[in-house]
Amino acid sequence: QVQLVESGGGLVQAGGSLRLSCAASGRTWSIYNMGWFRQAPGKEREFVAAIRRSGGSTYYADSVKGRFTISRDNAKNTVYLQMNSLKPEDTAVYYCAAGGVNTIVTATTVYDYWGQGTQVTASS
């Protein structure tokens with residue numbers, strides 16, 4: 001089993017920045033892909049960003065490309081999501097996810113473990 005704990009959410013004005021962290025514990029050796037998803041009220045959970053174990057390959061949703069940056073520190077078993085130029089439409093609960101080897105990184109179904117979520121609110 002793998003446990004994921006997110007932190008760093010909060011309330012910011014539009015245009016502001018936040019950095020989310022996700023610390024993994026347990027069978028971390030089994031983790032290959034890590035990702036961030038978000039879910040706004042009344043909407044389905046959607047892909048935000050993902051990163052492979054090496055950190056050399058990163059993937060982003062078009063809506064956040066150029067504003068968000070995903071990174072990971074394997075020594076600390078932690079993945080980060082730096083969010084800049086936040087918009088009101090970025091408001092959602094953000095979830096960290098971890099999974100094994102898979103060429104697909106954008107679908108919720110390829111991730112085996114999920115964090116509890118952290119609220120991000122960008123006010124206009």
Side-chain angles (χ1 to χ4, degrees):
Q1 290 289 336
V2 172
Q3 295 77 42
L4 302 174
V5 179
E6 301 107 331
S7 60
L11 171 65
V12 295
Q13 288 189 334
S17 299
L18 284 173
R19 188 175 85 152
L20 305 183
S21 299
C22 173
S25 60
R27 301 176 62 179
T28 56
W29 54 265
S30 67
I31 297 173
Y32 187 76
N33 297 327
M34 294 195 76
W36 288 96
F37 288 74
R38 66 187 182 187
Q39 189 166 18
K43 295 188 177 181
E44 292 190 353
R45 192 168 298 189
E46 65 175 3
F47 170 75
V48 175
I51 187 168
R52 298 201 189 275
R53 175 180 285 166
S54 66
S57 297
T58 56
Y59 307 85
Y60 297 94
D62 288 343
S63 59
V64 306
K65 204 170 291 184
R67 300 188 297 121
F68 291 11
T69 303
I70 189 171
S71 61
R72 68 190 289 174
D73 184 335
N74 289 332
K76 296 181 178 180
N77 295 313
T78 300
V79 65
Y80 305 96
L81 185 68
Q82 178 66 45
M83 304 184 295
N84 299 329
S85 303
L86 281 161
K87 304 175 181 180
E89 51 263 43
D90 295 319
T91 296
V93 177
Y94 283 68
Y95 296 91
C96 174
V101 176
N102 200 307
T103 55
I104 300 173
V105 297
T106 59
T108 58
T109 53
V110 304
Y111 292 92
D112 302 307
Y113 306 102
W114 292 84
Q116 80 286 354
T118 186
Q119 177 71 45
V120 171
T121 303
S123 63
S124 57

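Note that OG1 of Thr28 is 8.5 Å distant from CZ of Arg53, once rounded to the nearest 0.5 Å. Within the model, atoms OG of Ser7 and CZ of Arg19 stand 9.0 Å from one another, a figure rounded to the nearest 0.5 Å.
Sorted by first then second residue, the side chain to side chain donor-acceptor pair (under 3.5 Å) pairs that include residues 78-93, not counting sequence neighbours, are Ser17-Asn84, Arg38-Asp90, Arg67-Asp90, Gln82-Asn84. Listed by first then second residue, pairs satisfying side chain to side chain donor-acceptor pair (under 3.5 Å) with a partner in residues 97-111 number zero, not counting sequence neighbours.
Atom CD1 of Ile104 sits in a sparse spot, with 12 or fewer heavy atoms from other residues, nucleotides or ligands closer than 6.0 Å. Within a 6.0 Å sphere centred on CD of Gln13, heavy atoms belonging to other residues, nucleotides or ligands number 12 at most. Around the NZ atom of Lys43, the shell of radius 6.0 Å holds no more than 12 heavy atoms that belong to other residues, nucleotides or ligands.
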Exercise. Might you work through the side-chain contact (heavy atoms from CB on, under 4.5 Å) test for Val79 and Ile70, ending with a clear yes or no?
Key: CA-CA 7 Å; Val79 65; Ile70 189 171; 3.8 Å; yes
Quiz item: Going through the distances and angles, do Tyr95 and Arg45 end up as a side-chain contact (heavy atoms from CB on, under 4.5 Å)?
Solution: CA-CA 9 Å; Tyr95 296 91; Arg45 192 168 298 189; 3.4 Å; yes
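Heavy-atom minimum distance, Val5 versus Gln116: CA-OE1, 3.9 Å. Nearest approach of Asn33 to Val101, heavy atoms of both residues: ND2-C, 4.5 Å. Of all heavy-atom pairs spanning Ala14 and Pro88, the tightest one is CB-CD, 4.0 Å. Among all heavy-atom pairs drawn from Ala49 and Leu81, the shortest one is CB-CD1, 4.1 Å. Closest approach of Met34 and Cys96 over heavy atoms only: CE-SG, 4.0 Å. Annotation for Gly9 and Leu18: closest pair C-CD1, 4.4 Å, computed over non-hydrogen atoms.
Applying the side-chain hydrogen bond (donor to acceptor under 3.5 Å, both in side chains) rule to Thr121 yields the partners Gln119; only residues at least two apart in sequence or on another chain are considered.
Note on ring orientation: taking the six-membered ring where Trp is involved, the planes of Phe47 and Phe37 are perpendicular (angle over 60°, cut-offs 30° and 60°).
Tracing side-chain contacts under 4.5 Å through hydrophobic residues (I, L, V, M, F, W, Y), one reaches Tyr94 starting from Val12; they form part of the same cluster. Linking ILVMFWY side-chain heavy atoms closer than 4.5 Å, directly or via other members, places Tyr113 and Trp36 in a single hydrophobic cluster.
Screening Tyr59, Tyr60, Phe68 against Val48 for a side-chain contact (heavy atoms from CB on, under 4.5 Å) leaves a single residue, Phe68.
By the 4.5 Å heavy-atom criterion applied to side chains, Val64 and Met83 are not counted as neighbours.
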